[in-house]
Amino acid sequence: MVERQLLPKTVRPLLYDITLEPGLEPRLHESVATSDGVTSETSAPAGPPAGSPQHPGDTEDEDAAFTFQGQETVELEVLEDTSSIVLNALELKIHSARLNGVEAHSITSDPDAQTARLEFGQKFAAGTRVRLELTFQGILNSKMVGFYRAKYQDPESGTVKYMAVTQFEPTDARQAFPCWDEPALKSRFRITLVIPSDRQAISNMPVEQETVRTSDGRKVVRFEETPLMSTYLVAFVVGEFDYVEGRTAEGVQVRVYTQKGVAHQGAFALDCAVKVLSYFTEFFGTPYPLPKEDLIAVPDFAAGAMENWGCITFRETALLLDPERSAASARSRVAEVVAHELAHQWFGNLVTMEWWTHLWLNEGFATWAAELAVDHLFPSWQQWMQFVSTTFAAALRLDALRSSHPIEVEVARAQQVNEIFDAISYCKGASVIRMLANYLGLEVFRNGLCRYLNKFTYGNASTDDLWQALEEESGKPISHMMRSWTRQTGYPVIYFDDANMIVRQERFLADGGSVSHTSRVNTNADSDSNTAPTHWVVPLGMMDSSQPAVPRYFLLDAKQAELQSILGTASNASEQRWIKMNPHQTGTYRVNYTPEMWQRLVEPIQTKVLGATDRLGLAMDAFALTKAGILPASVALQMLAAFSKEDDYACWLDVVGSLGELGAVFASDEPSLRSQFDRFACDLMRYTAERIGWKPEPNEEHVTALLRSLLLGALVKHADSSTVNEARRSWKAEQDGTDRVPADLRLAVMSAVVQYGTDADFDAVLQAYAQAVMDEERVRCIRALGCTRDPAKIRWLLDWGLDRSQVKSQDAIYVYSTLAANTDSGRRATWQYLREHWSTFYQRFGKGNFLLSSFVSSILRDFSSEEAAEEAEAFFASIPDKERESIQRTIQQSTERIRANAAWRQRDMHAVRAWLAERCG
Ligand SMILES: [Zn+2]
């Protein structure tokens, strides 16, 4: 058991009164001392590379030139007699500290523990209330954490300007003001911002008072006092905005803030937000507790969005839509992210996890609730099916690794928290909640949630508290069932044999091994990962050909069970009937059938007797079981081939993903095999792609637009000549000014011209990037550029991705992940580049956010040789411990995944080759 590093419990904060004054212009040639005692001298930036203009504030060196001044008063309750105070502070210079008027005689900092210690030389008695007064200074950094600056262009003059914005979750409020930065130490906050007179300030609460400071004309904006809340949810933003405004049926004011001149791009998010806020108010049976809700687009933003109470911040692609310029996929994204963040306003903000171990309560729940809300708003989007092919699939993929972790995972240090913002917390969390909601029925589940929210309003809770509320509501042994899912790593594969009607469960592992085989388990992994799970309490369901519409369920609470006695129905294997387990894929498990049973399931996929989610589930399970070596490759390939007449988007999402994986592992480095494989892939997609065509029908379904983008993109990737030709034709029409490629097709079209076109085509896409007015288009262009196969262009792109005058830090990941995903040579070059420029990547992305993990996992993901795994291990062993700390688990997971790929390649190369030769030879 790892021990949590917590602050001493000598005092407890009750009310913070904080005033901050950010400098939005660089202060040149000034030295700035930081709390770790390092004095950094502002130096002139190294000369920019020729041809790439650099703006002031572009380099890390210049961080120190952007500072903010702060003062705060904190009302404290003294819990134990004490003469000193220890609180969190990072990269802050504390100028002075007074406690009830007594000046601190020493102020020291511990950068590793991220704390400051104030000694007063006088005892303050337990049970009293005291007042701590601090003045301090910090850095308005460019790393998208803490209190940071985001760059934008003035729409009229074109000059570069900065806004100031916060990102505190999980542990960076301490970079903005000294504080007790733990989620359980809730307090009230009064925020005041001193800002230039031409800027606006937004915070959690509405503005209470705005005055002008006579000495320099700056605006002093004071906000109303917040309710009790955790530090990580405090937020403030200073910038220039336009907004659109609405009001919920319950009277809550909702605004979407954009940059000047593009307020209309917030209209869709506003519409979603107003409706979703009302929907959740009813669903949770508790009113939204704040008087207003603001949703703010931030031009530089590491994550998708942040649920700060009443002051939600977003990266632009997760909030803004332009009816003329945005793709259907952007519409889905905005609706999902807005709903996710609004779910947090109750789940996370009103009731907060008591420690980061229960982060999944926030994230898993918000992910699940977002689907519920979007499904409510847009029933025709088939949101839950897409959930299965995206969120559910991601959970099962990651959790099949030995180096995965339990949903409830102990984290000791602030530096380790970021790493658990992963597919386990979000996707497996959401998947087990969906399983539970389905098992209990939505109404009972909802009532249990309301009970939980009521009991812990403005407080903190743990996972067990939720189970207890649901247990009280349902009368079922929820704790027993759910602990098997949240405290054990992994999930089961159910083996089902209908000859004797026996089901048996075992942990599913990506490499097909058994749990007892632990030779590659890293001993540094937390002990939970190494504990062999016993079994899971699985709400098993099944449906069969006699009554496909009537699934039957029972609870499997043992390693093995005999179904006949439980279900009370005789089964006769000789009937040639099919049986499908896990109806609608609501259970977090995979199923393996006997070879005969798999065979019998092919037809109901082709004839669509099985619903889309069940077809999808079979494809997912067959593919994963094949990768793990449990099924022969022919089963997965035959299963894929059964989708040739498929029309469902969610099914295609999975099939296209599987084709990509197959191609990367088996056909990436052998041209003749590649062309056979591409032919197989294109033939599989042709029927549906032709039926959908290039031109949208008037009023067609949202999912049809999504499917068109997906299939045309995949046909381009697999080198379908007619698709590539049509793509090049429509690109030329746009270049000639005779037509414009619609948003839904732009990625496929630009990828085609980059991949199969000329230097001039590449330059034209680069030009489109430079002229783009929305991040959505810029990201599309980056992803298209990353499709190049030209080694010189790959090299050029690798440098370009780190040039912050060209590519925003938040978007650099797309450059490298696309290059690594696209070709064998691109992958090798990108991995080489990451190693050569490691310190730059670490400096820029490694501090306090999770982007570094994304770089490592996306660059390594598709390698498939033992040498590559060893190379990765050797490299990461050579970097300093401190640089490895926040990506420890990612490194283990990446190398484990590479080895699973390598084993798969070795095992099935011959079978895949033979199968392709027979079909496409
Ligand atoms: Zn979230």
Side-chain angles (χ1 to χ4, degrees), residues 2 36 38 46 59-61 111-112 114 143 145 398 401-405 411-422 511 518-526 529-530 791 794-795 797-799 801-803 809 812-813 815-817 819-821 824-903:
V2 276
D36 52 11
V38 178
T59 68
E60 284 80 4
D61 289 343
D112 186 56
Q114 307 187 348
K143 299 198 172 72
V145 294
L398 179 54
L401 299 179
R402 295 171 195 278
S403 50
S404 180
H405 62 83
V411 275
R413 281 157 60 76
Q415 291 87 335
Q416 297 162 342
V417 180
N418 266 303
E419 220 185 353
I420 63 168
F421 283 77
D422 65 359
D511 62 8
T518 53
S519 68
R520 286 211 172 101
V521 172
N522 190 308
T523 47
N524 292 332
D526 58 85
S529 315
N530 291 337
I794 290 173
R795 273 197 303 279
L797 283 170
L798 288 168
D799 282 333
L802 283 181
D803 180 348
S809 278
I813 180 71
V815 177
Y816 302 92
S817 62
L819 284 171
D824 217 34
S825 57
R827 186 173 313 126
R828 281 199 302 267
T830 308
W831 169 224
Q832 177 79 20
Y833 192 85
L834 178 75
R835 284 175 288 169
E836 284 168 5
H837 296 79
W838 176 255
S839 61
T840 308
F841 281 92
Y842 177 74
Q843 280 303 322
R844 193 170 303 173
F845 306 108
K847 287 190 180 161
N849 71 50
F850 49 83
L851 279 169
L852 193 66
S853 293
S854 311
F855 279 95
V856 171
S857 62
S858 65
I859 289 171
L860 292 177
R861 183 166 42 216
D862 287 337
F863 279 104
S864 55
S865 71
E866 174 61 29
E867 302 80 74
E870 282 168 15
E871 208 172 74
E873 280 168 348
F875 172 71
F876 288 112
S878 76
I879 63 173
D881 289 352
K882 135 174 118 55
E883 296 180 8
R884 205 170 35 236
E885 182 171 14
S886 73
I887 52 168
Q888 192 74 45
R889 212 188 291 278
T890 307
I891 297 164
Q892 289 171 21
Q893 290 165 352
S894 297
T895 50
E896 188 182 342
R897 193 172 277 153
I898 294 173
R899 290 201 165 96
N901 282 346

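Quick caveat: nothing in here was measured; it's all calculated off a predicted structure.
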- Message: What I'd like to find out is whether the side chain of Arg828 reaches to under 4.5 Å of the side chain of Gln832, using heavy atoms alone.
- Response: no
- Query: Any ion pair linking Lys882 and Asp112 (charged N to carboxylate O, less than 4.0 Å)?
  - Reply: no
- Item | Separation of Arg897 CZ from Ser864 OG (nearest 0.5 Å) | 13.5 Å
- Query: Heavy atoms, side chains only, cut-off 4.5 Å: are Phe876 and Glu883 in contact?
  - Reply: no
- Message: Would you compute the distance between atom OH of Tyr833 and atom OH of Tyr816 and round it to the nearest 0.5 angstrom?
- Response: 4.5 Å
- Query: Would you say the side chain of Lys143 lies within less than 4.5 Å of the side chain of Arg844, judging by non-hydrogen atoms?
  - Reply: no
- Atom of Leu798, atom of Ala829 and distance for their closest heavy-atom approach: CD1-O, 3.7 Å
- Could you give the distance from CG (Leu852) to CZ (Phe845), rounded to the nearest 0.5 Å? 8.5 Å
- Determine whether the aromatic ring centres of Trp831 and Phe855 lie less than 6.0 Å apart. no
- Item | Polar contact flag, side-chain donor to acceptor under 3.5 angstrom, Glu419-Ser853 | no
- Query: Are Arg889 and Gln892 close enough that a side-chain donor and a side-chain acceptor fall under 3.5 Å?
  - Reply: no
- Smallest separation among heavy atoms of Ser894 and Ser857, with atom names: OG-CA, 3.7 Å
- Taking all non-hydrogen atoms of both residues into account, name the closest pair between Arg827 and Asp824 and its distance. NH1-OD1, 3.1 Å
- Task: Please find out if less than 6.0 Å separates the ring center of Phe841 from that of His837.
- Result: no
- Task: Could you give me the CA-CA distance, side-chain angles and deciding distance for Glu885 and Arg413, then say whether side-chain contact (heavy atoms from CB on, under 4.5 Å) is met?
- Result: CA-CA 10 Å; Glu885 182 171 14; Arg413 281 157 60 76; 2.8 Å; yes
- Task: Give a yes-or-no answer on whether the side chains of Ser403 and Glu896 include a donor-acceptor pair shorter than 3.5 Å.
- Result: yes
- Message: Does this structure show an ion pair linking Arg795 with Asp799, if we count only N-O contacts that are shorter than 4.0 Å?
- Response: no
- Query: If you look at every heavy atom in Arg884 and Ile879, which pair is closest and at what distance?
  - Reply: NH1-O, 3.1 Å
- Note on the structure: Between the CD1 atom in Ile813 and the CD1 atom in Ile859, the distance rounded to the nearest 0.5 Å is 6.5 Å
- Task: Ignoring hydrogens and angles, tell me if any N or O in the side chain of Asp511 forms a donor-acceptor pair with the backbone of Ala900 under 3.5 Å.
- Result: no
- Closest contact, heavy atoms only, Ala820 versus Thr830: N-OG1, 4.0 Å
- Message: Tell me the closest heavy-atom pair linking Ala869 and Thr895, and the distance in Å.
- Response: O-CG2, 3.8 Å
- Message: Working to the nearest 0.5 angstrom, can you tell me the gap between Leu401 CG and Arg899 CZ?
- Response: 12.5 Å
- In Å and rounded to the nearest 0.5 Å, what is the CD1 to OH distance from Ile887 to Tyr842? 9.0 Å
